[in-house]
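Everything below concerns the one structure shown next.
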Amino acid sequence: MRTTLIACLCCLFGINTFAQSHDLEEAYQNIESKVIEWRRDIHQNPELSNREFKTAAKIAAHLTSLGIEVQTGVAHTGVVGILKGDSPGKTVALRADIDALPVYERNDLPFKSTVTSEFLGEKVGVMHACGHDTHTAILMGVAEVMANNKDKINGTIKFIFQPAEEGPPPGEEGGAKLMVKEGVLKNPDVDAIFGLHINSQTPVGMIRYKSGGTMAAAQSFTINVKGKQAHGSRPWAGVDPILISAKIIDGLQTIISRETELTNEAAVITVGKIKSGVRFNIIPESAEMLGTIRTLDYDMKDKLNKRMMEMVPAIAKAYGGEATIEIKDATDITYNEPKLVSAMLPTLIRVAGESNVVEQKAITGAEDFSYFQREVPGFFFFLGGMTPGNTESFGHHTPDFIIDDSGLILGVKALTELSLDYLNKS
Ligand SMILES: [Zn+2]
Ligand SMILES: [Zn+2]
């Protein structure tokens with residue numbers, strides 16, 4: 001039953017699910033030490049979002065040396081490589097993000113980062129504390145394997161080295177959203193996109209994935225409540241914006257607990273900042289609240305937004321005040337197209353082994369790979385980076401974040417085989 005289903009889905013995507021590996025074992029063995037070397041070099045020379053000049057130059061030089069057509073300066077510092085196979089066919093895109101974070105590295109490594117920079121007017125350390133150095137090195141490795149095996153490619157591979165995944169500095173555009181805006185998925189038009197994220201808490205050798213909503217859409221909101229100032233002893237002479245804010249917070253949480261079908265997907269509304277008043281005995285004039293919304297389903301996101309827009313001014317009005325709410329998109333849903341996931345799962349199982357490919361729960365964190373997936377079917381999965389034998393490791397974005405680079409070669413294999421399988425029509 002399962003086999004039949006997968007076979008049918010594969011027909012839809014024109015993929016031969018049962019293709020054997022592409023006889024690239026020797027190529028993978030030869031590339032591993034280079035990938036580790038690139039990763040360590042990039043790790044030691046991290047650059048912040050939209051400032052990845054040296055990283056981009058290294059990538060561009062590497063792709064050029066392989067005879068791959070290269071575009072630079074895409075979405076500021078992005079690099080795109082286009083490799084045409086010996087036979088015509090579809091176009092598959094592979095994406096690696098290349099930016100680092102304003103974090104001082106605390107690890108004692110021979111390739112530890114000691115780089116400092118300025119971020120929002122402050123001196124900061126710079127560190128690949130999310131593992132994008134590994135993504136960059138993996139994709140450079142895939143590019144080299146592919147460029148040496150063009151006879152195996154039925155179609156075109158687009159290598160997308162994306163800046164600013166962590167978000168461009170305030171006032172700047174950047175990341176996947178800007179790449180899409182600049183047409184990265186066009187000419188040649190991309191049919192499907194694959195990407196991965198290393199994970200410091202998943203053991204080396206393991207791949208985790210989820211079909212459908214995988215990482216959440218992140219939105220921010222600002223609520224301004226207007227009341228009427230009064231003496232704290234005479235509340236009836238004013239309109240209390242603090243009390244109204246409390247009612248609004250309560251109301252927002254009932255959207256989640258009473259109106260959202262949580263058995264379908266998780267959803268979160270968090271008020272993370274509230275500011276009002278100056279003194280214990282003054283009812284202030286106004287209050288401001290900031291928060292975030294996380295959703296994993298497009299309809300749920302629309303419904304939640306609609307209800308928040310309705311509820312916030314209505315609650316304020318009920319208590320004699322006024323309130324406005326503004327919702328801004330930060331990142332969309334990282335949505336793994338279920339048909340594509342079903343079709344490509346056998347490939348991941350082939351490269352990692354059945355017991356090493358594990359389905360996981362949704363993550364309420366966000367990832368801007370979602371902007372590519374809004375345009376074309378995509379599959380984004382997680383690659384193990386925790387040292388074999390360890391049971392715990394530090395989380396992403398921390399000064400102690402560490403990745404064991406023995407896990408990188410599986411990323412090279414996975415992205416290479418996924419691309420070749422996708423392009424090899426049955
Ligand atoms: Zn990150
Ligand atoms: Zn990341």
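Indexing begins at 1, ligand by ligand and atom by atom, following the structure's order.
- Annotation for Asn187: atom CG does not count as buried by contact number, only 12 or fewer foreign heavy atoms lying within 6.0 Å.
- Applying the side-chain hydrogen bond (donor to acceptor under 3.5 Å, both in side chains) criterion to Asn149, with sequence neighbours excluded, gives no partner residue.
- Protein N/O/S atoms nearer than 2.8 Å to the Zn ion (ligand 2) total 3.
- Residue pairs that meet the salt bridge (Lys or Arg N to Asp or Glu O under 4.0 Å) test with at least one member in residues 173-182, sequence neighbours left out, are Glu173-Lys181.
- Under 4.0 Å is where a charged nitrogen must lie from a carboxylate oxygen, and between Glu367 and Arg95 at least one such pair does.
- Heavy-atom contacts from other residues, nucleotides or ligands closer than 6.0 Å to CZ of Phe394 number 12 or fewer.
- The salt bridge (Lys or Arg N to Asp or Glu O under 4.0 Å) check on Lys413 picks up Glu25, with sequence neighbours excluded.
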